[in-house]
Amino acid sequence: MVSTRTILVFSCWLSVLRATRLCDNSQQPVVISAPGDIIIGGIFAIHRKVELANRTQPGILNCSEFRISTFITAQVMVHIIKQINNSTLLQGIKLGYEIHDSCTDVVAAVQATMKFLSKFNSSENSIGVHCNYTNYVPAVKVIVGSSYSEISIVIARLLNLYLIPQISYGASAEILSDKTKFASFFRTIPSDKHQTMAIAQLIVHFNWNWVGVIATEDDYGQSALNSFILHAQKQSICVDFRFLIPTASGDDQDVKLREIATKIQNSTAQVMVTFIRSSDISKLLALLIDRKVKKTWIASDTWSDSTNVANMKQIEKAGTILGITFKSGTIPNFSEHLKQLRTHRNNADDFTKKYLRIAHSNTGSESNDNQEDNRIIEKVDNSFRYGVYLTIYAIANALKRMLNCDQGECNRTFDFPPWQLLNELKNVTFMTENGKFQFDSSGDYSSGYDIMYWKWMNGSIQFVKVGDYNVTTKLINISADFNQIAQVGVYRCSNTCIPGERKKILPENNCCYGCSICNSGTYSTENDSTECLNCSENYWSNTGSSTCQKATVDFLQWGDPLSIVIIIFAILGKIIVCVVSILITKHMSTPAVKAAGGWMCYIMLLSLVVGLVSSILFIGEPINVICIIQQPLFGISFTLCVSCILIKSFRIILAFSFNPTVRKQLKLFYKPVPIIVITTGLQVVICTVWLSLNPPKIIERGDNPQIILKQCDEGSPEAFGIMLGYIALLAFICFILAYRGRKAPKMYNEARFITFSMLVYIIVWISYGIVYVQVVKNKYSIIIESIAILASIYSILCCHFIPTCYVVYFKKESNVESNYLTHAREHFKQKGQFVCPVAKMLRNSRVSIEEQLHPVIEVKAGPENECSINQQTEHTNQNKSFKNQRVASICLRKRHRSC
């Protein structure tokens with residue numbers, strides 16, 4: 001915003017334009033000037049102050065506090081114009097100059113600008129009022145200056161009416177890039193939008209995030225502050241406070257400075273970003289040095305290389321100072337030009353005389369703050385000075401193009417209006433030591449910035465370049481040895497969250513945060529991560545991890561102790577099956593083997609072998625084929641075995657049932673082969689449907705994030721349960737039938753063994769079902785099914801085949817038919833029922849002992865002597881034909897007394 005003072009200046013200027021007015025040169029501020037064909041105007045803040053407070057009339061402005069550094073900057077313009085005049089660049093055209101002092105104030109700057117607007121080659125020094133200024137030719141074709149944005153903005157608004165080119169070497173306010181408002185403004189430095197971004201990048205580079213911002217209360221300061229805040233927010237930099245310093249010196253400014261000093265003293269922020277004039281920062285630093293407050297300061301271009309500030313008393317106690325300066329370069333022979341000023345002391349203008357007087361004085365004629373030694377005076381790499389150097393060469397090259405100096409002698413028409421030069425400046429190009437010079441579409445030359453460190457050495461401050469900022473790439477570069485030059489700490493509102501942690505933003509301020517440790521399964525790789533990332537599939541991490549590790553694939557190994565135990569029992573079971581098979585084959589015709597099942601023993605033993613094979617399929621790394629067959633293989637094979645046991649249970653009930661009606665009905669269903677085929681076939685159908693709809697498959701369980709458990713999944717738990725439930729149903733039926741026949745003769749104790757074996761099976765698989773549902777899955781949980789299979793198989797071996805083998809091998813004398821029939825007759829006799837022994841008629845038949853007993857056990861209660869008569873009859877007729885025996889048997893069944 002333009003200040004009230006600026007508006008008053010405009011009103012005054014408009015009043016002047018209402019009529020033609022003469023200007024007396026004797027009443028103008030002292031100027032540095034030289035005649036020429038084309039005059040270039042210059043506005044430099046050679047004095048620091050102008051007395052405006054006690055003015056009662058618009059007379060002569062009284063300026064004070066001579067600034068040697070700005071005078072030297074103005075001398076660059078003089079020096080370069082002289083060099084161009086002595087060169088062939090413009091081929092005989094002489095450039096002149098007229099440099100005015102703005103006294104660091106808008107009023108003096110406007111007064112100088114009005115002087116430049118007077119008519120070209122007019123002795124009256126008047127400003128004509130016109131409706132159309134297209135052909136208006138003022139005293140100067142272009143104006144150089146000012147270094148301050150506030151002053152440049154006011155000048156640019158005045159010159160915009162005439163489209164007189166203005167080229168600033170130091171005004172960096174972002175608003176000046178707006179060509180709709182400042183069409184004739186150019187500058188040889190970047191816009192503040194780049195400077196504020198550079199400062200934000202510098203803060204990020206040093207890993208700071210907690211700063212205070214102080215700016216001058218003018219267009220430059222407010223614009224820079226707002227721009228920095230915008231960039232800071234994008235870079236997650238938080239601002240503890242922001243203050244504006246009034247531009248006018250006085251009590252108000254002093255009160256504000258003391259308030260700011262107190263805030264800085266009490267603030268936890270250690271980094272202060274400043275967009276302040278050198279005169280204002282000097283006052284603020286003086287207050288803080290007295291209070292022994294040290295901070296890290298980031299200086300904008302307004303004081304980043306200020307010798308006045310650098311020469312302050314005890315400046316080294318202010319803290320670390322880093323400055324952002326414009327790119328500089330070499331100004332040829334400038335040192336020689338300054339030396340010549342000393343040799344022409346008598347012919348010098350008033351500014352030069354004042355400069356020489358101060359430079360050669362031990363104490364100086366003005367305040368000590370304005371004294372600068374010769375080493376600083378002759379410093380040639382000041383960024384403002386190099387900006388003036390570029391400005392003059394840009395004007396000279398634009399004139400060269402406009403006056404067609406490339407075609408031989410230049411066109412010597414000098415009464416052209418300034419807007420023609422303006423158009424040439426937009427396209428001017430030339431080479432510098434830093435590369436190609438050219439104004440962009442905003443009228444800016446974005447060369448970049450240097451980063452300066454204020455190093456205290458030998459009792460004075462030295463400006464040391466420690467890095468730079470590239471405007472094009474938006475990247476900052478800090479020299480590797482900077483940490484050896486300055487000790488710069490990490491200034492943050494909170495401690496840095498290390499990898500493995502994430503920021504936990506506090507509600508009162510988004511830059512003040514705590515650190516939260518990443519949970520297991522998550523990680524963070526950078527400092528101050530905002531979130532913990534989830535590990536990828538098959539990867540894991542512990543709590544507080546910065547990386548994820550690949551999970552170990554695990555399964556039940558062949559060499560695992562439990563696996564070895566399972567394998568041993570499976571092999572032992574196969575050995576037992578082989579031994580049993582040999583004994584059964586050798587004694588197939590004996591009653592014990594027939595009672596054990598006869599030919600069905602081979603089916604049972606084969607199914608047990610298949611079951612033993614399935615028990616070890618759970619060991620080793622799973623593959624699809626094994627997963628598919630391991631459980632259906634056991635289900636079908638064991639169903640086949642239980643089907644044979646069902647036949648045996650059925651047969652015992654049939655053999656020892658005393659109810660003729662029940663036994664007759666049971667005999668209708670006693671079909672061994674169809675029963676085995678149907679019961680086993682149903683299991684095959686169940687397994688087929690299971691494998692068709694949702695077969696078992698390989699899965700990788702991640703219950704433990706560090707280990708991926710690779711095992712076979714049932715696919716369909718329901719189908720798996722139906723398969724086991726069907727076997728359990730058959731086992732339960734066997735159990736019921738065998739339990740009903742538990743009172744058979746001791747020689748026919750198959751019913752007891754069947755009862756026990758089926759009870760074992762039911763208990764084992766009920767226990768397995770409970771474990772299957774409740775136990776956490778791991779590589780050992782799958783071994784439970786192998787144990788259940790082995791327990792079921794060993795129960796069959798121990799209850800069905802081991803007793804039979806014991807009889808046929810150790811009790812051969814009892815393994816005869818007569819012995820079995822005698823035991824059966826004694827059993828019925830004890831029950832109060834008598835049967836006639838007719839076993840000899842079937843002695844040589846190849847049926848089981850229960851089938852041999854069928855004709856006998858059908859004969860129920862009768863006088864024992866009658867049975868004796870029958871026996872004698874049988875012995876008498878033993879050589880008769882089988883037909884007679886059959887008749888005798890029928891006779892016995894019909895209970896005729898004659899039998």
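In what follows, residues are counted from 1 in the order of the sequence shown.
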Q: Is it true that Y220 and S300 share a donor-acceptor pair across their side chains at a distance under 3.5 Å?
A: yes
Q: Check the pair F243, F241 against ring pair (Phe, Tyr, Trp, His ring centres under 6.0 Å), reporting the backbone distance first and the verdict last.
A: CA-CA 7 Å; F243 279 112; F241 63 86; 5.5 Å; yes
Q: Could you check whether any side-chain N or O of S267 sits under 3.5 Å from a backbone N or O of I264, counting only pairs where one atom can act as donor and the other as acceptor?
A: no
Q: Just say parallel, tilted or perpendicular for the rings of H79 and H337, cut-offs at 30° and 60°.
A: tilted
Q: Can you list every salt bridge (charged side-chain N to carboxylate O under 4.0 Å, His left out) pair that touches residues 423-444, not counting sequence neighbours?
A: R187-D444, R401-E424
Q: Tell me, with the steps shown, if T429 and F437 meet side-chain contact (heavy atoms from CB on, under 4.5 Å).
A: CA-CA 5 Å; T429 60; F437 178 93; over 6 Å; no
Q: Does some side-chain heavy atom of T296 sit less than 4.5 Å from a side-chain heavy atom of M272?
A: no
Q: Test H100 against F116 for ring pair (Phe, Tyr, Trp, His ring centres under 6.0 Å), laying out the working first.
A: CA-CA 10 Å; H100 286 253; F116 294 145; 5.0 Å; yes
Q: With rounding to the nearest 0.5 angstrom, report the NZ to CD1 distance, K141 to I395.
A: 13.0 Å
Q: Less than 4.5 Å apart, any side-chain heavy atom of I321 and any of W303?
A: yes
Q: Begin from the C-alpha positions of L284 and L288 and carry the test side-chain contact (heavy atoms from CB on, under 4.5 Å) through to its verdict.
A: CA-CA 6 Å; L284 180 60; L288 293 171; 4.3 Å; yes
Q: Any side-chain donor paired with an acceptor under 3.5 Å for T216 and D218?
A: no
Q: Specify the closest pair of heavy atoms between G212 and A269, including all atoms of both residues, with the distance to one decimal.
A: N-CB, 4.1 Å
Q: Determine whether the side chains of T196 and S227 contain a donor N or O and an acceptor N or O closer than 3.5 Å.
A: yes
Q: When you measure from the side chain of T432 to the backbone of G435, do you find a donor-acceptor pair of N or O atoms at a distance under 3.5 Å?
A: yes
Q: Please determine, by modelled atom types, if T274 and W297 share a side-chain donor-acceptor pair under 3.5 angstrom.
A: no
Q: Rounded to the nearest 0.5 Å, what separates atom CZ in F384 from atom OG in S328?
A: 12.0 Å
Q: Between K49 and D105, is there a salt bridge with N-O shorter than 4.0 Å?
A: no
Q: Which is it for I81 and I84 under the side-chain contact (heavy atoms from CB on, under 4.5 Å) test, yes or no, and what are the steps along the way?
A: CA-CA 5 Å; I81 289 177; I84 293 173; 5.7 Å; no
Q: Minimum heavy-atom separation for A310 to I315, with atom names?
A: O-CG2, 3.4 Å
Q: Taking S306 for its side chain and T302 for its backbone only, find out whether a donor-acceptor pair lies under 3.5 Å.
A: no
Q: For the pair N160 (side chain) and A183 (backbone), establish whether a donor and an acceptor sit closer than 3.5 Å, ignoring hydrogens and angles.
A: yes
Q: Evaluate the side-chain proximity of S278 to R67: yes if any heavy-atom separation is below 4.5 Å, no if none is.
A: yes
Q: State yes or no: are the ring centers of F66 and Y355 separated by less than 6.0 Å?
A: no
Q: Report yes if the side chains of Y393 and Q83 come closer than 4.5 Å at any heavy-atom pair, otherwise no.
A: yes
Q: Just checking, is any N or O donor in the side chain of Q253 or D280 under 3.5 Å from an acceptor N or O on the other one?
A: yes
Q: Would F334 and Y386 satisfy ring pair (Phe, Tyr, Trp, His ring centres under 6.0 Å), going step by step from the backbone distance to the final call?
A: CA-CA 11 Å; F334 184 59; Y386 190 69; over 10 Å; no
Q: In Å, rounded to the nearest 0.5 Å, how long is the span from NZ of K283 to CE of M312?
A: 11.5 Å
Q: Are any of the side-chain heavy atoms of N209 and C238 separated by less than 4.5 Å?
A: no
Q: Give, for atom OG of S177 and atom CZ of F182, the distance between the pair rounded to the nearest 0.5 Å.
A: 10.0 Å
Q: If only atom types and distance count, is the side chain of K465 paired as donor or acceptor with the main-chain N or O of Y453 below 3.5 Å?
A: no
Q: Can you name the closest pair of heavy atoms from G145 and Y169 and give their distance?
A: CA-CE2, 3.7 Å
Q: Applying the side chain to side chain contact (heavy atoms under 4.5 Å, CB included) test to T391, which of I40, V76, V144, I80 qualifies?
A: V144
Q: Report yes or no: does S479 contribute a side-chain atom to a donor-acceptor pair with the main-chain N or O of V466 at less than 3.5 Å?
A: yes
Q: If the plane angle is over 60° it's perpendicular, under 30° parallel, otherwise tilted; pick one for F186 and F439.
A: tilted
Q: If we only count heavy atoms from C-beta on, is the N470 to I476 side-chain gap below 4.5 Å?
A: no
Q: Could you walk me through whether K354 and H47 satisfy the side-chain contact (heavy atoms from CB on, under 4.5 Å) test, starting with their C-alpha distance in whole Å, then the side-chain angles of each, then the deciding distance to 0.1 Å, before giving a yes or no?
A: CA-CA 11 Å; K354 188 177 290 189; H47 285 83; 3.1 Å; yes
Q: Any salt bridge linking E316 with K294? Criterion: basic side-chain nitrogen under 4.0 Å from a carboxylate oxygen.
A: no
Q: Tell me whether D101 contacts the main-chain N or O of I46 through its side chain, where contact means a donor paired with an acceptor under 3.5 Å.
A: yes
Q: Work out which heavy atom in I237 is nearest to a heavy atom in W208; give both atom names and the distance.
A: CG1-O, 4.4 Å
Q: Hey, what do you get for CD (Q340) to CD (Q75), rounding to the nearest 0.5 Å?
A: 10.5 Å
Q: I'd like to know if E98 pairs up with K115 as an ion pair, taking the criterion as any Lys NZ or Arg NE/NH1/NH2 lying under 4.0 Å from an Asp or Glu carboxylate oxygen.
A: yes
Q: For K181, does the NZ atom have more than 12 heavy-atom neighbours from other residues, nucleotides or ligands under 6.0 Å away?
A: no
Q: Roughly how far, to the nearest 0.5 Å, is CD1 of I229 from CZ of R242?
A: 4.0 Å
Q: Scan side-chain atoms only and decide if D192 and Q195 contain a donor-acceptor pair under the 3.5 Å cut-off.
A: yes
Q: Write down the atom of A171, the atom of S168, and the distance for their closest heavy-atom approach.
A: N-OG, 2.9 Å
Q: With a 4.5 Å cut-off on side-chain heavy atoms, are L422 and F185 touching?
A: no
Q: Within the distance-only criterion (no hydrogens, no angle test), does the side chain of S304 pair as donor or acceptor with the backbone N or O of G323 below 3.5 angstrom?
A: no
Q: Just wondering, do P138 and I164 contact through their side chains at under 4.5 Å, heavy atoms?
A: yes
Q: Identify the two heavy atoms, one from S102 and one from I151, that lie closest to each other, and give their separation to 0.1 Å.
A: OG-CD1, 4.0 Å
